[in-house]
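Below is one structure; the comments refer to it alone.
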Amino acid sequence: MGETQLKFQKTLKGLLVLAGLGLFLSGCSSDPKIDVSPLPVPASKVAVIVNGEPISLEDFDNEYRLMKIYYSAVSEGNMKAIKLSLFEQLINRRIMLQEARRLKLTLTQSELNAAFSDALKDLPDDFPVILKGQGVSVEAWKRKLLEEKLVEKLVQKEVNDKVRVSQDEVAEYYWGHLGDYWFPEAVRARHLVVRGKEKLAQVLAACQKGEDFSKIVETFSQAPDAAQGGDWQFMDRDRIPESYFTALSKLKPGEISKPVKDDFGYHLFQLIEWRSRRMRSLAEVQDQIHDELLKKAQDERFDQWMVVLRQKSKIEVKEDMAPVVGAALEGHREK
């Protein structure tokens, strides 16, 4: 199948899902702002009020049903903790949406289109049917995606963009954790295994003729990596059986070992390269360390920022919803 046809099929799949969700979106030169204001909730359906804004029982129910779609293997034994976590997510998301409106953050149509496109990459063709089967409306799914995108924009502005990791911090971490950056002794080789003497004779004859060992592996080897020419890439010394290591240690790069017999059959090895145990340099790992430190710092700042937002918020739980929502309300009831 040609590349053009594959691209067409991928585009067609996306359009079919878009159509099923009622999401054919056209570009607009003015790129209008999207309204993320809270929806009205009948008093009889209010489960919790966050800074004067109601969250409905239906909101909680949709959150739960969508969770079941994306995480199908949910244990009933964990349901109490799961419901509480979902309830907290709803409250936190509402608090952050309120903060986004206070800061006059908005989403544009193009940002919303991009969010839908990203979401569609991981959706099955029958996602509209799955939504319907779980009793979730397309509008509820779209609303959740919209809210999450605005929250993401807020967190980027108020948390992630305000965190920096300096080169000095990266270097300090590296020198304080040198033990984490050793390359162990390793060997790269090609490996062939056959299970009978007749096959082994054919292999040895091909080797005697000077045929390319990777091609010999592809033709004769009964190992799973035969299609890759038996190249096992770099393997740590500690993972190599002693008999294999002994055979390899006698070789120079490019040389092929004598057969090594064990319970799996007859093995031949071609040495590609030895890699001595060595310390990875700061230059090699600085990007990795930077990203790890940045992620940790962002997570810590988010937690602190969220605590402050929660402390400034008034959260009122409706007691008559407790039997319906169940464990999710525990810990929120007024004493």
Side-chain angles (χ1 to χ4, degrees), residues 70-71 85 88-89 92-93 95-97 99-100 102-108 110-111 114-115 117-119 121-122 147-191 225 228-229 231-242 244-245 248-249 251-254 269 271-313:
Y70 290 105
Y71 304 98
S85 176
E88 293 292 342
Q89 286 177 31
N92 287 346
R93 190 160 75 232
I95 291 172
M96 286 187 282
L97 288 169
E99 182 69 3
R102 186 185 72 80
L103 296 173
K104 302 188 184 317
L105 291 182
T106 58
L107 288 177
T108 64
S110 61
E111 288 174 325
S117 295
D118 287 342
K121 292 176 184 177
D122 299 320
E147 291 180 350
E148 289 176 343
K149 188 64 180 178
L150 184 56
V151 164
E152 179 185 313
K153 193 171 186 177
L154 171 70
V155 172
Q156 187 64 41
K157 178 180 183 296
E158 293 299 297
V159 177
N160 295 347
D161 287 349
K162 296 184 178 182
V163 175
R164 296 287 184 272
V165 174
S166 69
Q167 186 59 41
D168 286 345
E169 290 175 295
V170 171
E172 181 181 355
Y173 185 89
Y174 171 79
W175 292 111
H177 298 80
L178 283 177
D180 296 338
Y181 301 110
W182 279 103
F183 262 139
E185 181 183 9
V187 60
R188 184 178 179 187
R190 296 189 186 279
H191 170 228
D225 58 2
Q228 289 76 47
D231 187 351
W232 66 22
Q233 300 301 316
F234 278 104
M235 186 178 294
D236 292 354
R237 163 69 181 89
D238 293 342
R239 295 178 54 206
I240 303 173
E242 197 60 36
Y244 300 179
F245 180 80
L248 284 162
S249 64
L251 303 177
K252 296 178 181 178
F269 304 94
L271 177 64
I272 299 175
E273 182 183 355
W274 283 103
R275 186 181 71 193
S276 301
R277 185 174 186 263
R278 70 174 181 84
M279 179 73 71
R280 298 174 71 186
S281 69
L282 175 58
E284 288 179 273
V285 298
Q286 62 184 358
D287 289 344
Q288 173 192 332
I289 295 174
H290 175 273
D291 292 346
E292 290 173 355
L293 293 180
L294 183 65
K295 178 65 167 60
K296 181 181 179 182
Q298 288 173 340
D299 288 346
E300 290 174 352
R301 180 179 176 87
F302 175 84
D303 290 342
Q304 295 164 2
W305 175 73
M306 199 68 232
V307 166
V308 173
L309 289 182
R310 290 279 301 220
Q311 288 174 342
K312 295 191 298 185
S313 298

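Count residues from 1 along the sequence.
- Distance check: Ile240 CD1 to Glu185 CD gives 8.0 Å after rounding to the nearest 0.5 Å.
- Around the CD atom of Glu172, the shell of radius 6.0 Å holds no more than 12 heavy atoms that belong to other residues, nucleotides or ligands.
- In this structure, Lys312 and Val308 have side chains that are in contact, with non-hydrogen atoms separated by less than 4.5 Å.
- Annotation: side chain of Gln233 is in contact with side chain of Asp231 (closest heavy-atom distance under 4.5 Å).
- When every heavy atom of Met96 is checked against every heavy atom of Leu154, the shortest pair comes out as O-CD2, 3.1 Å.
- You'll find the side chain of Asn92 stays beyond 4.5 Å of the side chain of Val151, heavy atoms only.
- For Gln288 and Glu292, the side-chain atoms include at least one donor-acceptor pair closer than 3.5 Å.
- The distance from the CG atom of Asp291 to the NZ atom of Lys296 is 15.0 Å, given to the nearest 0.5 Å.
- The shortest heavy-atom contact between Val155 and Phe302 is CG2-CE1, 3.9 Å.
- If you take CG on Leu282 and CH2 on Trp175, they are separated by 7.0 Å, rounding to the nearest 0.5 Å.
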Determine, step by step, whether Glu242 and Arg237 satisfy the salt bridge (charged side-chain N to carboxylate O under 4.0 Å, His left out) criterion, reporting the C-alpha distance in whole Å, the side-chain angles of both residues, the deciding distance to 0.1 Å, and the verdict.
CA-CA 9 Å; Glu242 197 60 36; Arg237 163 69 181 89; 3.2 Å; yes
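- Although no hydrogens or angles enter the test, the distance criterion places a donor-acceptor pair under 3.5 Å between the side chain of Trp232 and the main chain of Val187.
- Once rounded to the nearest 0.5 Å, the distance linking CD of Glu284 with CG of Asp287 reads 11.5 Å.
- For the pair Gln167 and Gln286, the minimum side-chain heavy-atom distance is below 4.5 Å.
- Using a 4.5 Å heavy-atom threshold, the side chains of Glu152 and Lys149 count as touching.
- The environment of CZ in Arg280 is crowded: more than 12 heavy-atom neighbours from other residues, nucleotides or ligands sit within 6.0 Å.
- Counting only heavy atoms from C-beta outward, the side chains of Arg188 and Arg275 never approach each other to under 4.5 Å.
- In terms of the salt bridge (charged side-chain N to carboxylate O under 4.0 Å, His left out) criterion, residue partners of Asp118 (sequence neighbours excluded) are, by chain and number, Lys121.
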Show your reasoning for whether salt bridge (charged side-chain N to carboxylate O under 4.0 Å, His left out) applies to Asp299 and Lys295.
CA-CA 6 Å; Asp299 288 346; Lys295 178 65 167 60; 2.7 Å; yes
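- Between Tyr174 and Ile289, the shortest heavy-atom contact is CB-CD1, 3.8 Å.
- For the residue pair Phe269 and Leu251, the shortest heavy atom distance occurs at O-CD1, 3.7 Å.
- With hydrogens and angles ignored, the 3.5 Å screen pairs a side-chain donor or acceptor of Arg301 with a backbone N or O of Glu158.
- The two residues Val163 and Ala297 have their closest heavy-atom pair at CG1-CB, 3.5 Å.
- For an aromatic pair to be called close, the ring centres must be under 6.0 Å apart, and His177 with Tyr173 satisfies this.
- Note: Leu107 CG to Lys153 NZ = 5.5 Å, rounded to the nearest 0.5 Å.
- Summarising the geometry, atom CZ belonging to Arg190 is positioned 10.5 Å from atom CD belonging to Gln228; distances are rounded to the nearest 0.5 Å.
- Contact check on Glu99 versus Lys157 returns no salt bridge, with no Lys/Arg side-chain nitrogen under 4.0 Å from an Asp/Glu carboxylate oxygen.
- Nearest heavy-atom pair across Thr106 and Glu111 is O-OE1, 3.8 Å.
- Cation-pi contact between Arg278 and Phe183: absent, since separation from the ring centre below 6.0 Å together with deviation from the ring axis within 45° is not met.
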